[in-house]
Amino acid sequence: MHPIVKLVVQRVALSLLLLLAASVMIFIGTQILPGDVAQSVLGQSATPESLANLRAELGLNDPPVQRYFSWLFAALQGDLGTALTNGRDIGESLGTRLGNTLFLAFWAAIVAVPLAIFLGLLAVRYQNRWPDRLISGVTLTSISIPEFLIGYVVMYFVAVKLGWFSSVAMINDSMTLGAKLNAIALPVFVLTLVVLAHMMRMTRAAILNVMQSAYIETAELKGLSMFTIIRKHAFPNAIAPIVNVVMINLAYLVVGVVVVEVVFVYPGMGQYLVDHVAKRDVPVVQACGLIFAAVYIGLNLIADLVSILTNPRLRHPK
Amino acid sequence: MSNELSYLAKKAAKGLVSRREFLGRAGALGVSAGVASTMFADATNAAAHKKGGHLVQGLGGGESTNTLDPALTASSVPFLNLRLFGDTLLGVDQNGELDMRLAESFEASDDAQTWRFKIRKGVEFHNGKTMTPDDVLKTMQRHSNDESKSGALGIMKGIDEMSVDGDNLVMKLTAPSADLPYLIADYHLIVQPMGGMENAADGVGTGPYMLEADEPGVRHLWKANPNYWREDGGATYDSTEVLVINDATARTAALQSGQVHMINRVDPKVANLIDRAPGVSIKNVAGRGHYVFIMHADTAPFDNNELRMALKHAINRTDMVDKILRGYGSVGNDMPINKAYPLFDESIPQREYDAAKAAEHYKKSGHDGSPIILRVADGAFPGAVDAAALFQESARAAGIPLEIKREPNDGYWSEVWNKQPFCASYWGGRPVQDQMYSTAYLSTADWNDTRFKNPEFDALLNQAKGELDNDKRKALYSQMGYMVRDTGGLICPMFNDFVDAVSDKVVGYEGDPNAELMNGFAAMRTHFA
């Protein structure tokens, strides 16, 4: 078997195993949390009788292991079941939420990734001169401020004072694409600020690293322009580390945006998961957790594959 | 009509004068309260004919786990949804009086043990089916039968049997209860087709708005019900939307940027700032809700009344109201009742902060001086952690070693409240004293979170239940108030206001002490200017 194919198959198999392990961990995690779904749903208005009735109805009296496996077998057949708290079909609710999350992540990525790479290249081109310092300064400042604070500041000036964009980024199916983009303008802006620095710095560092190599020196001696050297000789060799950091940030845009979602009232996965964790709604937490784990594992897999494919030693085995 | 009064009536029609203000001015001008009340109603009704538009309410207190099933309603957004799509048999108005909704009238037997509610005719559900007394009966059964998981189960307990007799729903109770109509007004008990036995969460009721879109934790869209059974009190907007905005800052920003017309739960810390901002105003109303510290009166060291009294004297109530509620509230008196209740006894002396008295009680208690642990989380009530710190300071001045243990919000209600002997909590209050006391101070109550067990108190409570003479009941409640105040495990430093904020585009907004956002009726009682 070709070593690349073998590596890919190994990586995919490992990823699936990781997913299974993640589902076990999530289930155990929800079992460790104090209280159960019946207690959480009824809250302060719970009486022992209504609690017992709700527990019986939700099947909480079955042993945990049995509940886990019945969930797993259903999930493997594509049935995520219904939420314990409100009896809604999880697949359906999750579909909408996941769609929204991906929509936001997509537009944030469209803005942030090219911008970060461009700024990284620019910083290398003007290394240690004022454009480099300005780019690093601004992006490092923005990443150092908590995202909720950036969100509130942007919200106050842009939405409340200037009235340019809406502070509530609520989207639904009946909106046109234009209206949706208008609604998510502020969260996209904040997310861009949050992920920009990491990707920009990595691009800069990776290219600078390559720039130390002997072949760059050769290129320089050949009299090529700085920009051509970066574009043709340095950048292709820095792709693997850049893709790695891009993937990590993409994963963050999907699974880590809870705070931005809360601030801008965005109906994505994060809020959905947090609500259900608070209510100990195990099937939903499981489903969300699996999707998040799958996103992380999947994007890392892509990053690995890109590294493998851009590695000449693996592409051309002896 | 005097010039001033007609001017006032015009202002009232525009919603610029509240009912209370109008009656006050009218009284000063020598008009009797009855006449003035009618004048106010005429003026505002004339204005109420203006209808239409799309009202957006931005609310904290909604989760993506919410359902439209009335039985499982426990937070603000589901509560408001119930108001929009459903009706109860009876309601409680802003003056604490009963309001006939799906019941046309009711009567009680002399012993207050058998009640007959006459069910209104010709009321249609949103699905086109006509409501029958049988639907009402099934609704009540669903909230009270053996499999019920309803939040109203506690108040339905005293019902022995229910039946339909012609147009009437008949309830026979296990013991007399003079307040049954108030209990039946509970928001969970909206009437559903077949009592919701088939599909409890489909949002079909008899209410003024009909379901358009239901996205739990995100938004709920409703349109006006053209066949609403009642002339006034129906939809005043073409449609209304409830947006779930749990983050307080996002909620205020949404109001200020004009994306929503009204919001609930304004943080008292910023209420003054918002009130000064253009285009919006703060509306606060004193309710029955209270923020408390509860001690288990049967658990050491709180089984010692001297120690309980020491702690009660060691809390600075006015400080709490000023600093925690920023004035949006009133001081409490270590009993769960305030003047928002009918039959409240104003003559019970107000307890004040008194370090010397607290020290004296503390000394008498013989406490060994070890730290007294108070468990708090901000989930118990907004500002609970700060309130505990204030309490700690004022107690230290009396020589009482209070120690604060901060608990996570998550799981607070299942792990700390009603389990740990001393913790912070809140109560939303109940429409009548009987219900408040029966819920949390009766020896056998499930929610007796102070472990207050006093047979004498229980006997008085039962006696009051069956007492139809209001003066005698008031005297009984007063006696019970003293008992809780002087021997109970409740430290009640403050009653909190409902603090809403409303856009100037909306007129007719009036506080209702029963609950926030005009007791949930804002979309039926306000309109656009």
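Reckoned from all heavy atoms, side chains included, excluding hydrogens, waters and symmetry mates. All chains are named by letter (A, B, ...) in the order of the sequence lines, taking the proteins before the strands, and each is independently numbered beginning at 1. Computed from a predicted model, the values in this text were never measured in an experiment.
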Do NZ/NE/NH1/NH2 and the carboxylate oxygens of B:D267 and B:R251 come within less than 4.0 Å?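 Not counted as a salt bridge, because no side-chain N and carboxylate O are separated by less than 4.0 Å.
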
Taking the six-membered ring for Trp, are B:F381 and B:Y426 ring centroids under 6.0 Å apart?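 So the answer is no for these two rings.
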
What residues of residues 251-266 of chain A sit under 4.5 Å from chain B when you count only heavy atoms? A:V262, A:V263, A:V265

Would you mind checking which part of A:Y272 comes under 4.5 Å of any heavy atom in chain B, side chain (CB onward), backbone (N, CA, C, O), both or neither? both

Pick whichever of [options] has the most heavy-atom pairs under 4.5 Å with chain A.
options                      : result
B:L243, B:D69, B:N246        : B:L243
B:R219, B:Q256, B:E215       : B:R219
B:D214, B:L255, B:L68        : B:D214
B:P216, B:A213, B:A254       : B:P216
B:S64, B:A253, B:S257, B:G58 : B:S64

At a heavy-atom separation under 4.5 Å, does [X] approach chain A through its side chain, its backbone, both, or neither?
X      : result
B:V260 : neither
B:A201 : neither
B:E63  : both
B:N66  : backbone
B:P408 : neither

Around A:M175, counting heavy atoms of other residues, nucleotides and ligands shown, do more than 12 lie under 6.0 Å from its CE?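 Yes.
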
Using a distance-only test with no angle check, is there a side-chain donor-acceptor pair under 3.5 angstrom linking [X] and [Y]?
X      : Y      : result
B:E212 : B:S239 : no
B:N496 : B:R288 : no
A:Y152 : B:D247 : yes

Test of understanding: with ring pair (Phe, Tyr, Trp, His ring centres under 6.0 Å), list the residues that count as partners of A:Y296, not counting sequence neighbours. none

Once you measure the plane-to-plane angle for B:F79 and B:Y187, does it fall in the parallel (<30°), tilted (30-60°) or perpendicular (>60°) bin?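 Rings of B:F79 and B:Y187: perpendicular, as their planes differ by over 60°.
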
Sort and list the pairs that fulfil salt bridge (charged side-chain N to carboxylate O under 4.0 Å, His left out) and have at least one residue in residues 89-98 of chain A, not counting sequence neighbours. none

Side chain B:H290, main chain B:G429, donor-acceptor under 3.5 Å: no

So, does B:T240 use its side chain to make a donor-acceptor pair with the main chain of B:L55 at under 3.5 Å? yes

Chain B interface, residue from A:H276, A:M155, A:K161 that has the most non-hydrogen pairs under 4.5 Å: A:H276

Looking only at A:S166, A:S174, A:P267, the option with the highest number of non-hydrogen pairs under 4.5 Å against chain B is A:S166

Applying side-chain contact (heavy atoms from CB on, under 4.5 Å), name anything that partners A:L162, two or more places apart in sequence or on another chain.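 Listed in chain order: A:W164.
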
